[in-house]
2 protein chains.
Amino acid sequence: MANLISVAKLAGVSRATAARAFSSPENLRPETHRRVMEAARALGFRPNKVAQQLRTRATLMLGVMVPSLDNPVFAEQLQAMEEAARAAGYSLIVTTSGYDPGREEAIVEEMLRQRVDGLALTVAEADHSAVLVKLRRESTPCLLVHNPPVAPCFPSVGVDNRAAMADATRYLIARGHRRIGMIGGPLLQSDRARLRHEGYREAMEAAGLTPLALIEMPRHTQVALSRLEPALGGAEGLTAVLCTNDLLAISLIGELRRSGRSVPGDLSVMGFDGIELGRHLYPSLSTVVQPRAEFGRVAVDTLLALIRGATPQPLPLPHVLREGESAGALPASRQAPEPYDP
Amino acid sequence: MANLISVAKLAGVSRATAARAFSSPENLRPETHRRVMEAARALGFRPNKVAQQLRTRATLMLGVMVPSLDNPVFAEQLQAMEEAARAAGYSLIVTTSGYDPGREEAIVEEMLRQRVDGLALTVAEADHSAVLVKLRRESTPCLLVHNPPVAPCFPSVGVDNRAAMADATRYLIARGHRRIGMIGGPLLQSDRARLRHEGYREAMEAAGLTPLALIEMPRHTQVALSRLEPALGGAEGLTAVLCTNDLLAISLIGELRRSGRSVPGDLSVMGFDGIELGRHLYPSLSTVVQPRAEFGRVAVDTLLALIRGATPQPLPLPHVLREGESAGALPASRQAPEPYDP
DNA sequence: TGACGCCATGAGATCGATCTCATGGCGTTC
DNA sequence: GAACGCCATGAGATCGATCTCATGGCGTCA
């Protein structure tokens, strides 16, 4: 493939001049510039970014790691990040960790070798993450996405998970629910899920209600109804359930209806994330929306700021409660027998 | 950052020897190897892939372009591709085109400059794609994903869209449906959608039924029920609808139920793609499953074969009809008044 | 007309690896 | 003990750009 040397030769100039035709045409004689460009076109010259990257020590590439692309929340975030990065002239190397710390380490090592200009990571466990310990010693700018900010080490982009879930909980309480549970994926894999559970607990306690332990599902994407059944039965059963993400909520609604229950009649269900699909379902999903498009934009902007040497302290992004049809007011028939106590 | 020169210096060997410690340790004296590795560790040496790429003229990077990550079918395929690529030692540069030919061109040009070893593209319109015309003149191996194979130029990985939709259509016909329609996103943006419509038409005609024109929705991800209403009304209204993708089907089901209709009671709905979520909904989605995991694996394997210089001719991947609850037998009450005609 | 300075261009080093080929040491064989 | 060959290592070129600094030409001004 044609390189600058052959272009320079054909145009009858030096490599330096040929290079200048692309990087700073304004200080070439117009005639010279024209000759070089013509030679480039004739040879089908295409600048080699690898050589540029080596020489300039900047790759204009960002490394992105998410747990999985099977969850639309990550896919939608990635979509936004890609657009923002492209607009700024950056490319994305995309990887999935499957919540596996070993894979996280291998991926990050690989990306550092690739000399990405910056990393945007969503790790399973920000506070015990081996990969973050390692990165603290490296000079490559690193941003956490979705993970709660850990120590003062890495800036983090995301909503305030605790406050967001507290809002969702209060929403249910305000609609008359008293026996509210929460389900989530494997706890060990997600610091977010834990924070969300804390928000739930806080809001419950603030209302004088008893928070329950998180009901753990084997996966992040699909409920096993059997694990929830015990909590549903009888007059003392739950009347509302919060889910740590939308996929669980959607799956839960499906399972409930398949088992003959109605939503929100028999159980109100709230999700978390606000994936696009949730709006279109019936019943449409009541959920806490993380602003995905803004997410991607802010993540990329913040990372680029880090790369430029700034020390941005991004604020938590605002979450929005989206009222759907899956969570409703407590039916009169299920009013708790407990005495009213303001 | 430490480079091979400094490692060599510290270990008291030449650069060549230091390099050999990593690439072919077996022909170094064990003692020498140990000294180099120790020096590398002491300096925190990390091989620079950019330099390797320049020298070896192989980047071990694949360029992936999909229309959008908002549609889980692409996200899930990407997930599978990423895993397959990683297993083979390759990284993925991921981009989204938004079905925009201009963006497609810019993206491909960018990736060629990056000297990716191969390209896996899902283009909007394979047969009038400017980007493919350009690529035909380039030497970078290129694979189409989802797009129907175009001429003998580029191998293509995907299901047989026409046959798959014909199967789905026959499935509905076998369950007694006669007035079957089809909806899709903007036709101009998807050669797949067109092929699927052809499959539908074929199957309808083969059964002596009248195929209808595709009812076009403004987006690929969401139905506008108003556009369908005219076809639904009255005794002569449709009893079943095929959708060009699952998102449309899901959205359609939601809208129908919101408007007081039942699925499949009032209308049977079939999707296409088989995204994971469809299983968990209620009613669960009847759909044509494209084997996503296999998709990614086959796409990467085929592309790697191309890179190695082979000329693979991948077969269409097998599709599977997944029976869900959203498509059922035609209710007796809606039997067509037309005479029985075997 | 000579000195000065700007402007366009070229020569050569550099980024950090890999790869080929040369070389010196040492063991083997007759 | 001389010739041979293998093995470990080193020297230098190379991939394809960028960047600094040197240089020659030309216009300007005194």
Side-chain angles (χ1 to χ4, degrees), chain A residues 1-37 39-40 43-61 89 109-117 139-140, chain B residues 1-37 39-40 43-61 89 109-117 139-140:
Chain A
M1 183 165 299
N3 58 12
L4 257 192
I5 297 192
S6 53
V7 171
K9 217 170 270 173
L10 180 60
V13 299
S14 70
R15 279 167 313 150
T17 301
R20 276 188 276 255
F22 293 92
S23 61
S24 56
E26 69 278 9
N27 43 23
L28 281 195
R29 252 175 42 221
E31 161 65 11
T32 311
H33 180 245
R34 198 192 53 71
R35 278 221 316 283
V36 175
M37 296 317 262
L43 293 173
F45 170 70
R46 175 170 291 132
N48 185 323
K49 292 199 80 179
V50 176
Q52 293 178 333
Q53 289 162 356
L54 177 59
R55 175 61 228 231
T56 62
R57 306 166 126 273
T59 51
L60 296 183
M61 299 217 274
E109 175 63 25
E110 176 73 12
M111 288 178 160
L112 291 176
R113 294 186 174 195
Q114 184 58 58
R115 300 296 193 268
V116 294
D117 289 343
S139 59
T140 304
Chain B
M1 184 166 297
N3 58 12
L4 256 192
I5 297 191
S6 53
V7 171
K9 217 170 272 174
L10 181 59
V13 299
S14 70
R15 278 167 315 151
T17 300
R20 274 188 276 257
F22 293 92
S23 61
S24 56
E26 68 278 9
N27 43 24
L28 281 196
R29 253 177 40 222
E31 161 64 11
T32 311
H33 180 245
R34 199 191 53 71
R35 277 222 315 283
V36 175
M37 296 316 262
L43 293 173
F45 170 71
R46 174 171 291 133
N48 185 323
K49 293 199 80 177
V50 175
Q52 292 177 333
Q53 289 162 355
L54 177 59
R55 176 61 229 232
T56 62
R57 306 168 126 272
T59 51
L60 297 183
M61 300 216 274
E109 175 63 26
E110 176 72 13
M111 287 177 160
L112 291 176
R113 295 187 174 194
Q114 184 57 58
R115 300 298 193 268
V116 294
D117 288 343
S139 59
T140 304

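The sequence lines fix the lettering, A, B, ..., with proteins before strands; numbering per chain opens at 1. These numbers come from the heavy atoms of this one structure, side chains and all, not from hydrogens, waters or symmetry mates.
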Exercise for the section: Indicate yes or no: at least one non-hydrogen side-chain atom of B/Q53 is less than 4.5 angstrom from one of A/Q114. Expected result: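 Yes - at least one pair of side-chain heavy atoms lies under 4.5 Å apart.
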
Handout entry: Side chain to side chain, B/N3 and B/N48, heavy atoms closer than 4.5 Å
Key =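 Heavy-atom side-chain distance check fails, nothing below 4.5 Å.
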
Problem - Listed partners of A/T17 passing side chain to side chain donor-acceptor pair (under 3.5 Å), at least two apart - result: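 Side chain to side chain donor-acceptor pair (under 3.5 Å) list for A/T17, sorted by chain: A/S14.
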
Exercise for the section: Please name all residues satisfying side chain to side chain donor-acceptor pair (under 3.5 Å) with A/Q52, sequence neighbours left out, ordered by chain then number. Expected result: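 Side chain to side chain donor-acceptor pair (under 3.5 Å) list for A/Q52, sorted by chain: empty.
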
Handout entry: Footprint string (nucleotides 9-16 of chain C, 5' to 3'): B base within contact, S backbone only, - free, heavy atoms under 4.0 Å
Key = BBBBBBBB

Handout entry: Interatomic spacing from CE in A/M1 to CG in A/L43 - rounded to 0.5 Å
Key =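 Going from the CE atom of A/M1 to the CG atom of A/L43 covers 11.5 Å.
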
Exercise for the section: Answer yes when A/E110 and A/R113 have at least one side-chain N-carboxylate O distance shorter than 4.0 Å, and no when they do not. Expected result: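 The answer is no: the pair does not qualify as a salt bridge.
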
Problem - End-to-end axis angle, where each axis spans five pairs of the helix from C/dT1-D/dA30 to C/dC30-D/dG1, to 10° - result: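 Computed angle between terminal axes is 50°.
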
Practice task
Starting from P on D/dA8, measure out to CZ on B/R35 and report it in whole angstrom.
Solution key: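 That distance rounds to 14 Å.
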
Problem - Length of the line joining B/Q53:CD and C/dT18:C1', which is rounded to integer Å - result: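 The distance from CD of B/Q53 to C1' of C/dT18 comes to 13 Å, rounded to the nearest Å.
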
Would you mind writing out the side-chain donor-acceptor pairs for residues 18-25 of chain B within the sub-3.5 Å range, not counting sequence neighbours?
residue	atom	partner	partner atom	Å
B/S23	OG	B/A19	O	3.3
B/S24	OG	B/N27	OD1	3.2

Problem - Residues forming a salt bridge (Lys or Arg N to Asp or Glu O under 4.0 Å) with B/R46, sequence neighbours excluded - result: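 Salt bridge (Lys or Arg N to Asp or Glu O under 4.0 Å) check on B/R46 returns A/E109, A/E138.
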
